[in-house]
There are 2 protein chains.
Amino acid sequence: MTAPAHGQEVVPKFRGPATTAPLGVELSERETPVHPDTRRRAPAAHVTLDAVAREAGVSLATASRALNGTTRVRDDLRGRVRAAADLLGYIPNAHAQALASPEGNRTVGLICHDVGDPYFAGIASGVMRAAAEQDLLVMLASTFREPAREIAYVSMLRAQRARAILLIGSGFQDRAWERAMDAELEPYVRAGGRVAVVSRHRSMRVDTVQPENRAGAAALAASLVALGHRDFAVLSGPPELTTVADRLAGFREGLAAAGITLRRVVRGAFTREGGHAAACQLLAAGGARPTCVFAVTDVMAVGALAALREAGVRVPEDMSLAGFDDIPVVREVSPPLTTVALPLTEMGEQVIALALRTPSGAGRSRVLRIEGNVVLRGSTGAPPGS
Amino acid sequence: MTAPAHGQEVVPKFRGPATTAPLGVELSERETPVHPDTRRRAPAAHVTLDAVAREAGVSLATASRALNGTTRVRDDLRGRVRAAADLLGYIPNAHAQALASPEGNRTVGLICHDVGDPYFAGIASGVMRAAAEQDLLVMLASTFREPAREIAYVSMLRAQRARAILLIGSGFQDRAWERAMDAELEPYVRAGGRVAVVSRHRSMRVDTVQPENRAGAAALAASLVALGHRDFAVLSGPPELTTVADRLAGFREGLAAAGITLRRVVRGAFTREGGHAAACQLLAAGGARPTCVFAVTDVMAVGALAALREAGVRVPEDMSLAGFDDIPVVREVSPPLTTVALPLTEMGEQVIALALRTPSGAGRSRVLRIEGNVVLRGSTGAPPGS
DNA sequence: GCGCTTTCAGAAAGCGCTTTCTGGTAAGGT
DNA sequence: ACCTTACCAGAAAGCGCTTTCTGAAAGCGC
């Protein structure tokens, strides 16, 4: 096996498509003997439809029609055009297509906080799968949780005239941000753009794939109560995220239904480290420890699990732990985490489907509710001493 | 000056999803009050530069220059243009820009096997971060390991005239595929496109971020031998992937250096389930079990770990297990996995930097070697009975 | 005050397509 | 044989920008 090429000369084994005589009108350029320093010259231009038409001996319009099949074209001509396109290695210029006709645009935008996060990666994976089926290209944007960047990306996607913009992840509960986002989205939609989101955006009237965060958290709370727990703490994320607010509220509701008051809420970043830190903080606090901890996302729960282990707290013997989302990793840790399962990939498929469906009509928006299923795994058990 | 006016009547009040939400996946619609006029109008056209120029009372050319700052424009005119653009909510049409000037294109393409896979998600995350810094938009493509789809995506990205195409993940060692890929890439590069890859592509002469798979696997083998192991098995992936071939070869080399012959290679899919299945197969086989197993990727190792646990094989007491890549999850499982650590995010940043750097000159390609670090964790220990 | 160079706004030529619109030709009707 | 249709290829008009190219006005030295 040859070593990877470091500074290797390109072997020009590919001589270009025009090795045979031109069929149609003369293309004098081709005849030009290749000057030795062509290498350094301006890059070879792209093959245009015009060149294909000339090669096939038809008009530009016919070439376009032959390739797109929009109108009937005589079979022999169509054949000639196809052959010419093949021969020249023609690839249409997507920008020109998009400019010439609105249907030419085959891209959608996907905005999430971080593809590196398994939650978003799961949803993105679903979006990619669905997009592939419809021959769409996805422009991905990671905001790294900066609201300003999110707005900027919407603007860029507007510039790209993306068919649809998909916003994954809950919105910020912040008036200024909401206003700015609305200001971006409203003209976009008005101009025919589609918008769909995963998770609730307080002020936005757009098609939504809505995980039942509240109900799911409440159901989880009920399950944990059923295990015998009475003493709970929550590891929460940034309160301005609607997802956090909803899950926390739902969990409280679920406890309240059993007459239990949530004892403690520790706030942390929406990351593995945030969960770790929050758990440490919880353990460091004095007083009786809760018997059960709910982390508002699995990512945080994983961090919390590590923190508990480091502190010598056995899960679930000393303390039960539950998360939310059911990202793949929670099945791999020991003990596997109890969580509220969300069909992430499917949600990704749904959100793009929602966006691409025929518009729901002026001023209408759809909400696709996604039920979360409580999955009890090894990380939860009866409270100690029961 | 009137505000953009296009029906600002939209009431920015959002009632939110009904809290009496029934559980289950269901679709509901909510209605937004809309001004009667707006209802069945054709979509409002986008604001064009022409409109801005008119609003500002200058020519199209001046408006363009004022906004892009390419040439000096009198201050008062520039101010007027900026104000007009703001007022109208002008967003340039990226397609038109890209068509009119090659520099107008601010997109790069990223092709990977599956963003849902933590290995690719990690690299993609790095790419996204670097792209954001340069104000580039990333078009993401997931091939789901179908070679044909990979080729098709390159073609689509060519059509988009992406500034650069990034290929993440090893190439297929398949002549037909290589030829087809070359045929796509060669004209692209010739036309000024940039290509960079992560992992070796046998036939491709392009800038490469090259994890030292071979050396890393060899070093891992040496470390495992040092722990006392003499009896090894490898859980391998599809042999046509260069990454698999290299890691397997490297591991063999490392063992050979200690005079050890690899006993067993079990092949599985390049996924968690593939690793699980391969491990099961290994255990099901008769004869003495190896004392140490190397899975060529962490993703497979995680599956293998689950399989071992299910089979009652203790890790590392009964059998040691090691992986490759150091994806985040391996630190969370118990025991944490020994692996060869690759700086995934950084690799993502590097590959886009490599692609965007000034061309290396005709026919030259760079290789950025990334060393992997052997990280011994709890999943490996002395062989049983030592 | 007269030619000279600068400076900078506007007209216009594309960029590479799609899609009318136009018109020629063949088929069909009487 | 004459007139309608139908069909389909080609000419041409954009799509929304950037960037020459052009020329008017202003600045300058003598």
Side-chain angles (χ1 to χ4, degrees), chain A residues 24-25 42-81 84-85 88-107 158-161 191-192, chain B residues 42-82 84-85 88-107 156 158-161 191-192:
Chain A
V25 187
H46 289 281
V47 176
T48 68
L49 183 56
D50 191 70
V52 173
R54 200 146 37 199
E55 173 79 31
V58 301
S59 76
L60 192 59
T62 301
S64 172
R65 288 186 283 239
L67 258 21
N68 300 326
T70 42
T71 316
R72 275 219 61 74
V73 172
R74 229 167 54 211
D75 284 351
D76 59 326
L77 291 192
R78 183 151 31 85
R80 289 226 306 269
V81 172
L88 300 179
Y90 171 68
I91 297 226
N93 183 323
H95 295 300
Q97 291 183 309
L99 195 55
S101 114
E103 281 75 43
N105 201 323
R106 302 212 58 83
T107 62
R158 282 226 275 157
Q160 297 287 338
R161 302 297 188 257
Chain B
H46 288 281
V47 176
T48 69
L49 184 57
D50 191 71
V52 173
R54 202 149 31 207
E55 173 80 28
V58 300
S59 75
L60 192 59
T62 300
S64 172
R65 288 187 284 239
L67 258 21
N68 300 325
T70 44
T71 316
R72 273 219 63 72
V73 172
R74 228 167 55 212
D75 285 351
D76 59 325
L77 291 193
R78 183 151 31 87
R80 289 224 310 267
V81 172
R82 292 246 174 92
L88 300 179
Y90 170 68
I91 298 228
N93 183 322
H95 295 300
Q97 291 183 310
L99 195 56
S101 114
E103 281 76 43
N105 202 322
R106 302 212 57 85
T107 61
M156 287 181 78
R158 281 226 276 158
Q160 298 287 338
R161 303 295 189 258

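Numbers restart at 1 for each chain; the letters A, B, ... are given by sequence-line order, proteins then strands. Atoms considered below: every heavy atom in the structure, side chains included; atoms not considered: hydrogens, waters and symmetry mates.
In this entry the distance linking CZ of A/R78 with P of D/dC8 reads 10 Å, nearest Å. Atom C1' of nucleotide D/dA9 and atom CG of A/D75 are separated by 14 Å, given to the nearest angstrom. Summarising the geometry, the separation between CZ on A/R74 and C1' on D/dA6 is reported as 15 Å, rounded to the nearest angstrom.
The pairing partner recorded for D/dA6 is C/dT25, the criterion being a Watson-Crick or G-U wobble arrangement whose two distances lie under 3.5 angstrom. C/dA9 is paired with D/dT22 under the Watson-Crick or G-U wobble criterion, all donor-acceptor distances under 3.5 Å.
Across all their heavy atoms, B/L49 and B/A63 have their closest contact at CD1-CB, 3.8 Å. Here the shortest heavy-atom pairing between A/T107 and A/Q160 reads OG1-O, 4.5 Å.
Here OG1 of A/T48 is found 7.0 Å from CZ of A/R54. Values are rounded to the nearest 0.5 Å. In this structure, the separation between CG on B/D75 and CZ on B/R80 is 12.5 Å, given to the nearest 0.5 Å.
Think of the region where chain B sits on DNA chain C: with heavy atoms and a 4.0 Å cut, that region ends 5' and 3' at C/dC8 to C/dG16.
Using a 4.0 Å heavy-atom distance criterion, A/T48 is classed as a sugar-phosphate-only contact.
Residue B/A61 is the one, among B/A61 and A/I91, whose nearest nucleotide of DNA chain C lies closer to the 5' end (criterion: closest heavy atom). Projected onto DNA chain C by closest heavy-atom contact, A/D50 and A/T71 fall at different nucleotides, the more 5' of which corresponds to A/D50.
Here the side chains of A/E55 and A/L88 are in contact, with some heavy-atom distance below 4.5 Å.
Phosphate proximity of D/dA9 to A/T62: absent, as no side-chain N or O sits under 4.0 Å from OP1 or OP2.
Listed by chain and residue number, nothing satisfies the salt bridge (charged side-chain N to carboxylate O under 4.0 Å, His left out) test with B/R82 (two or more places apart in sequence, or in another chain).
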